[in-house]
Structure formats: structure tokens, C-alpha cells
Novice: 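The following block contains the structure, expressed as C-alpha cells.
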Protein chains: 2
Amino acid sequence: MTKIKNMEEFAALSGISRPTVSKYFHDPDSVRPTTRARIEEALERFDYRPNIYAVNQNRKLTKNIGIVVPYLADPFFAEIARYLEQSCIAAGYRPSLFSAHGEQKLENEILDGLQSMKPAGVLLAPLGRISDRSAIEKFCVNVPTVLFDSNLDGLGAAFIGSDNFSFVSQTVEYMTRTGEPPSFFEMRTPANPNANKRRKAYVAMMERLGFEPHIIKVDGKGWAFEEIGHRGALKVLEERELKTNSVLCSNDRLAIGFLAACYEQGIRVGRKEGCTLRVASNDDHPFAKFTCPSLTTAAHDYDNVASRSVETLFELIENGGKFESRTETLFPARLVLRDSA
Amino acid sequence: MTKIKNMEEFAALSGISRPTVSKYFHDPDSVRPTTRARIEEALERFDYRPNIYAVNQNRKLTKNIGIVVPYLADPFFAEIARYLEQSCIAAGYRPSLFSAHGEQKLENEILDGLQSMKPAGVLLAPLGRISDRSAIEKFCVNVPTVLFDSNLDGLGAAFIGSDNFSFVSQTVEYMTRTGEPPSFFEMRTPANPNANKRRKAYVAMMERLGFEPHIIKVDGKGWAFEEIGHRGALKVLEERELKTNSVLCSNDRLAIGFLAACYEQGIRVGRKEGCTLRVASNDDHPFAKFTCPSLTTAAHDYDNVASRSVETLFELIENGGKFESRTETLFPARLVLRDSA
DNA sequence: TCAAAATTTTAACGCGCGTAAAGTTTTTAT
DNA sequence: ATAAAAACTTTACGCGCGTTAAAATTTTGA
């Protein structure tokens, strides 16, 4: 097995001219079946692959796709990233995964580095409130970008996410119908725009049903939601600020902390007999099934958000990086009934 | 703000020759302070950055570093990856993050793609038992590689991980000292080599203490550990296979499932009064603090494993990609006492 | 069978930058 | 002040591949 240095050498060994070989690597179907067979035969014998740096330097458009999420240590984003990655690979692209780790500075640096990678497109779930809007705006001008999960008004060629009203309306309706209307438990200054939409949806829904909204805001910032939910819940429970016997958490990670606090305080959560509190939430976090009790929650339409995101990006790429107008696609939630409410 | 096309143009605008500018980008300190200042001044005015593809094509060694983990949706790996990433950036490298998503095929494809990136080095946490040993062996010949977390005998220039005996010995000793010696709860055919070492450590430790080891193996494969632990625990609890009142889980994710099953079965877990079962585990998973009850577990020396891994890789790179001999570095665990045991 | 169409070959340039050699200028040290 | 050292400029080549134009070849279809 000889070591091949470059395409020239490989072309010679396969008995095909270099430009034709180059054409083959660009699109195997663009050459005659017989020459294609000869190339692929040589390919098996010699194990050659084009130098990606030379390729990318000369191609106007690379086959790279950037996937940027705000916080990869959150299993929700890890799962979505996995799906996006594999869809890109299946479509013949080379995805690169980045996490802003909750920091604006990092998000900017990632976008910066991404620019010099000349990606065919980027799937971006921005940090949200703490994103550097102008930096993202500049980025989107230069790189075909589809936003997902977290919307930033007007930025990117399209947005695909979940319909927060659908989430909250279902949980509020369910809790009200089967018990009491819930209080809403959230962070005081949530970084994610979805959180704000959920609060508004809660208020709207409560008013529509003729109840007074009751919002509990807990302190804390950053992405340690479980910790924040836990501390906040302990405070709320100890100071008896809870006016209802049912609580809707803004998201599952807060709920995980909330449930841990309830457990520590000896408060029985659930809809079974002997339970004094019901807790529901939003997202259907991968661990929501294993909380104690298991968490009733409104689930993202995971697959659809992810698949529509990549589809939209591919359309965008094929369309030359621009759409006539920016579209926003929202998928409804699916209520998952478990034991906590 | 003019758009700069290439280094030639930028050099002209900054009043410095291209070779000197090139030298600057390779190492800013290699040029005279005055010229450095002029370049950086121009850099602010014109926003130019070298084409990374052209750079990497010509440099003998790129500044890329590959980080490969077996399963990124596991917050443990997500956290470690975060640390590794940031250490690489701090050292002036460009890390790329990859997850094998639990699949051998993907792991191989990642290593394949990584080869053509000509990385300066790679930090690899292999899948373990289901890794394609020969593929990884070939890879390690061509690319300076440091293994972490999961050891594959003889592969890579070095291994950095945790001392599984330290984990298990501490938990077993603690549980024995404060109650009964534990049974050991694990998957029947664990993919991760650490799991096997933990079982052996458990057996050795029990024998040393003069007790008979008692191992509970539950069915299941893949990376859905919580699910496997949950199902397995339900089966064990229903069929009353548990012979002891204390259980040591092979890892935290299994324990999360185990605790959920206990909760559902109404079994009070903990060391407080009224509890009938104690559960401990290994890893100190990011969520271990929020289980119900919070999980007593042996914690990885996270920071040291991560920092030593990158340090070792940097040494390896500076050493030309080869070490005299392969070293294995193991860090001991730190017992974290919480409520479950 | 033979011209038209499709494909491949040959030859050559360009991409943006690393790098080396030789000559020039600036800095450092005596 | 002056020689030596250090840094810079000029010039030029190479990296591996994309791409193009013209010439040569193969395939297609009637």
C-alpha cells in the first residue's frame, strides 16, 4: 500500500487525468460510469483523500456547516445537536459543533472563527437575551444562517422553534381542569427569550380562564438552572410564599431543582393520594422521566424542530444564501403526563 | 472600512512586507515591537484575518486539536469537553469537538475525518469495549493522541483517567463502616472498561474486608443508562433479589434510574431514620446533587483529569508526537457524602 | 456507419500563504 | 562612531487543488 501524496499522483495511478479525478470528488455522478469505476477501484487500493485545506481554499463554497448551541452541557441541546449533526452528515456536509457555554464572549468568538471557515451555512441557537445582537446581525449578513430554538427578531434567514403558547396553554389547561390553576415558577431575569414568552403565555392563559396569575420569580443567573430552581424552591417553601397547590415551572431543569427541594422538605408531590403539591413543567428534558416523581411536562417536537431546521438550511444554501422573506416556524408541544401532576 | 482580500493587500495597507506580516501571525513576538504595533494598528482599522485553509495547507503542523468523546449527551462528557475546549483555546489551539454518539461506526468516521484535518494532536475518550481497536491503533500511529477517561491497553501515547479502585474502595469502605457492606449494581455487559475495573475493585474490596461480594447484573445495552438502571431496579425490587440494605451502583446514571425506581416503589432511600435502603454510586454526575435523595458518590477529579490530559497532549506535541514510553496517570476519587447513603 | 454530442486529456493559471535566499535598513554593543 | 547583530524587504518558489480552454477521444443515435 503506497502512500499517495497528492491528486496528481493518485490520478496517475488510477490512469485518469487529474481534472477528471477532481471532478469525481466534487460529484461522483458527474463522470462516466466506467471512469468512475476505475477511480473507485484505485481508491480502494491506495487510500487517498483530497487535502481538505487545499480543497476548501479553492472552492467558492465549502461543505462545512456550523452548529452553534448556547450550552452543550444541557442534555436538551446535546440531543438536538446530535440530530442536527447526523442530518448534515447524511446530506454530505461536514458539521462542526460549538457551544457558547453560556457566555456572550464565547458566542462571539465562535461566530468569528466560523466566518473564517467559510461555511456553507450555520445552524444557530443563540444565547438569547445576552447575545450580542449586532455581532450576530453582522454574522448573518455574511453567512447563510438559520436560527433555531431561540428567536432573535429579524435575525437570520429563518427561525424554527417551539410554540411557547402551545406549551403553557396545555399545561395550564390540564392542571386547571384536573385540580387548581398553577402558579408560575421562573428565574427573575431569564436569558432565554422562550422563558419570557412562556410567562406571557401563562398570564394570557390564566386571564382567559378567569384566574389571577401568580408568578414566583427566583434569583439567579447563568445556566445552573437546577441549582437555581433548588435554592429558589427552598426559599419559597420555607417562607410559605406558595399560594397554590400546583406549580408550573418555566422549564424542566428548574423543575428538577424544585422537585429536589420538595423532597428534602418532605413535601409529597404528585396527583396521587397523600400528595399536597403538583408540579408540571416544559421541555421534556431527557431526565424528566427519572425525577422523583417523574415529571409531567410539555414536550418539544424535537424531531420536527431539528429536521425542519436542517431542511430549511439546505433550502437556504441551494437558494444562494438568501430567502425572499424571513419565516418563523413554530411547532406545538405535546403534553406528557407523568406522576408529578 | 475596506474589505481586504489577502495578506498581500493587508501588508501593503499596513506598510509592512508580507513575509513579516506572515511572521507576525505565526508569532506576534517574533517581530520588532514597532512593526508589531503598526500591524496591530492596521489590524484594527481593516479587520483582516489570514485564510485558515491557505495557512493550514502550508504549515507542516496545524493548530487544530481534536476532542473526541463517546457520548456527548452525557453531561459528564459535556462538562469535560468544555474544560478541554477552553484549555486548548487558552493555549492558542483550535479545538474541534466530536461525539461518537455511542456508535463504533461513528467513532471510526470521526477518526477518519480527523486524519485529513492533520491535527496537532487529539484527545480521545474511546467508546471502550465496542471501539474498533485496530482502527484506533492505526489512527494513533499517524496522529499524536492522548487517551482519557477510558483506557485501551497500549493505545495512544498516554492515558489519563480515574483510579477506579480508589472510587470503589472508598464507597465500599464508607458504606461498610456506617452500615452494611453493599451489593454492586451494574449492567450485564458494560461498554466502558471502567465498569469492569469497578466490578473487580468491588470484589477485591469485599474480600479484603471479609465479606462475600454480591453482584446484581441488569440487562440492557447502549447509553440510556438511566432507563436501564430504572428497569433493572424495578425488576430487582419486585422480585426481591436484593439481599442487602445497601447498594453501590457502578455509575451515577444507573443510580439515577435506581433511585427513581425506589421512589416509585415507595422505598425510602437514605441514611436518615425511616429509610430502608442506602444507595451510593460513582462519578459525581452533574445531576447527582439533585436526585431524590441527593446522591452519595465518589467524584472524579474532574479538573485534574482534564488539565493533565491537555498538558500531556501539549508535551506530546512539543515532543514531536512521540513519548519514550506510554504512561498511565490515574487520579483518585473524592467521596462526596450526600443523603442517599 | 458517421456526424453530433458528451466526455476526457493536456496545458496552464490562480488561490492565499509559508518559506527561503539575498540584499537593505535599523538596532545593539563596543 | 563603527562594526556586528538583528530585523526587515524583495524576489521567488512551492503547496495541493479548482478551474478553464482547446484539443483529442469516446459514446450516442439515427
Side-chain angles (χ1 to χ4, degrees), chain A residues 2-43 46-64 92 94 113 115-120, chain B residues 2-43 46-64 92 94 113 115-120:
Chain A
T2 334
K3 257 295 168 208
I4 312 287
K5 232 183 47 186
N6 55 30
M7 195 182 277
E8 196 77 54
E9 221 171 288
F10 174 76
L13 286 168
S14 65
I16 305 285
S17 73
R18 189 175 69 77
T20 304
V21 171
S22 172
K23 219 172 152 222
Y24 166 84
F25 279 111
H26 189 76
D27 174 12
D29 289 320
S30 68
V31 303
R32 207 149 32 200
T34 57
T35 66
R36 178 177 163 179
R38 289 172 67 189
I39 293 175
E40 283 172 351
E41 187 185 318
L43 220 41
F46 296 113
D47 167 55
Y48 158 80
R49 39 183 46 198
N51 179 313
I52 55 170
Y53 298 116
V55 170
N56 284 332
Q57 176 178 18
N58 293 305
R59 252 214 265 280
K60 34 213 111 190
L61 218 69
T62 72
K63 278 287 190 178
N64 296 328
R94 292 177 54 100
Q115 287 226 34
S116 53
M117 282 182 60
K118 291 174 189 164
Chain B
T2 334
K3 256 294 169 209
I4 312 286
K5 234 182 49 187
N6 53 31
M7 195 181 279
E8 195 78 54
E9 221 172 287
F10 174 77
L13 285 169
S14 64
I16 306 286
S17 73
R18 190 175 69 74
T20 303
V21 171
S22 172
K23 218 172 152 221
Y24 166 84
F25 278 111
H26 189 75
D27 174 13
D29 288 320
S30 68
V31 302
R32 213 181 285 151
T34 57
T35 67
R36 178 175 162 177
R38 290 173 66 188
I39 293 175
E40 284 171 350
E41 187 186 316
L43 221 41
F46 295 114
D47 168 55
Y48 159 80
R49 41 183 43 196
N51 179 314
I52 55 169
Y53 298 116
V55 171
N56 284 331
Q57 176 178 19
N58 294 306
R59 252 213 264 282
K60 33 213 114 192
L61 220 68
T62 72
K63 279 286 191 180
N64 296 328
R94 291 176 55 99
Q115 288 226 33
S116 54
M117 282 182 61
K118 292 174 186 161

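Owing to the predicted nature of the structure, the values given are computational and were not obtained by experimental measurement.
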Novice: Please give, in whole Å, the distance from C:dT8 P to A:R38 CZ?
Specialist: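 One finds 10 Å between P of C:dT8 and CZ of A:R38, rounded.
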Novice: Considering the options A:Y24, A:F46, A:Y48, which one meets the ring pair (Phe, Tyr, Trp, His ring centres under 6.0 Å) requirement together with A:F10?
Specialist: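 That would be A:Y48; it is the only one of A:Y24, A:F46, A:Y48 passing the ring pair (Phe, Tyr, Trp, His ring centres under 6.0 Å) with A:F10.
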Novice: For residues 12-28 of chain A, which residue pairs pass the salt bridge (Lys or Arg N to Asp or Glu O under 4.0 Å) check, not counting sequence neighbours?
Specialist: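 Non-adjacent pairs meeting salt bridge (Lys or Arg N to Asp or Glu O under 4.0 Å): A:E8-A:R18.
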Novice: Main chain of B:G15, side chain of B:R38: is a donor-acceptor contact present, judged purely on distance under 3.5 Å?
Specialist: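 Side chain of B:R38 to backbone of B:G15: a pair is present.
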Novice: Quick one, B:K3 and B:D47 - any side-chain contact, counting heavy atoms below 4.5 Å?
Specialist: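 Contact flag for B:K3/B:D47 side chains = yes.
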Novice: With sequence neighbours left out, write down each residue that passes side chain to side chain contact (heavy atoms under 4.5 Å, CB included) with B:T62, or none if nothing qualifies.
Specialist: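 Only A:Y53, B:N56, B:N64, B:K118 meet the side chain to side chain contact (heavy atoms under 4.5 Å, CB included) criterion with B:T62.
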Novice: Which heavy atom of A:R36 sits nearest a heavy atom of A:P28, and at what distance?
Specialist: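 Taking every non-hydrogen atom into account, CD-O, 3.4 Å.
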Novice: Rounding to an integer number of Å, can you tell me how far B:D27 CG sits from C:dG18 C1'?
Specialist: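 Computing the B:D27:CG to C:dG18:C1' distance gives 15 Å.
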Novice: Scan residues 50-60 of chain B against DNA chain D and write down, sorted by residue number, each residue with any heavy atom closer than 4.0 Å; if none is found, say none.
Specialist: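 Residues of residues 50-60 of chain B that come under 4.0 Å of DNA chain D are, in numerical order, B:Q57, B:N58.
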Novice: Starting at NZ of B:K63 and ending at P of C:dC17, how long is that distance when rounded to a whole Å?
Specialist: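 Spelled out: NZ on B:K63 to P on C:dC17 is 18 Å.
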Novice: Mapping B:G15 and A:R18 to their closest nucleotides on DNA chain D, which lands nearer the 5' end?
Specialist: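 By nearest-heavy-atom nucleotide position, the 5'-most residue is B:G15.
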Novice: For a quick test of reading the model, state the closest non-hydrogen atom pair linking A:A11 to A:S17 and the distance between them.
Specialist: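 A:A11 and A:S17 have their closest heavy atoms at CB-C, 4.0 Å.
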Novice: Mapping B:K23 and A:T20 to their closest nucleotides on DNA chain C, which lands nearer the 5' end?
Specialist: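 On the 5' side of the pair lies A:T20.
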Novice: Taking heavy atoms of chain A and a 4.0 Å limit, find me the 5'-most and 3'-most nucleotide of DNA chain D within that range.
Specialist: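 Listing 5' to 3', DNA chain D meets chain A from D:dG16 to D:dT27.
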Novice: Could you work out, with side chain to side chain donor-acceptor pair (under 3.5 Å) as the rule, every residue matching A:S22, not counting sequence neighbours?
Specialist: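 A:S22 satisfies side chain to side chain donor-acceptor pair (under 3.5 Å) with no residue once adjacent residues are dropped.
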Novice: Might you work through the side chain to side chain contact (heavy atoms under 4.5 Å, CB included) test for B:N51 and B:N6, ending with a clear yes or no?
Specialist: CA-CA 8 Å; B:N51 179 314; B:N6 53 31; over 6 Å; no
Novice: Students often get this wrong, so: under 4.0 angstrom with heavy atoms, is B:Y48 touching a base, only sugar-phosphate, or nothing?
Specialist: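 The residue B:Y48 makes sugar-phosphate contact but no base contact.
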Novice: How does each nucleotide of nucleotides 23-30 of chain C score, in 5' to 3' order, for protein heavy atoms under 4.0 Å: base (B), sugar-phosphate only (S), or none (-)?
Specialist: ---S----
Novice: Measuring from A:K63:NZ to A:I52:CD1, what's the distance to the nearest 0.5 Å?
Specialist: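 These two atoms lie 14.5 Å from each other.
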Novice: Do the side chains of A:M7 and A:F25 get nearer than 4.5 Å, heavy atoms only?
Specialist: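 They are in side-chain contact.
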Novice: Measure from OH on B:Y24 to P on C:dC17 and round the result to the nearest Å.
Specialist: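 Distance, rounded to whole Å: 15 Å.
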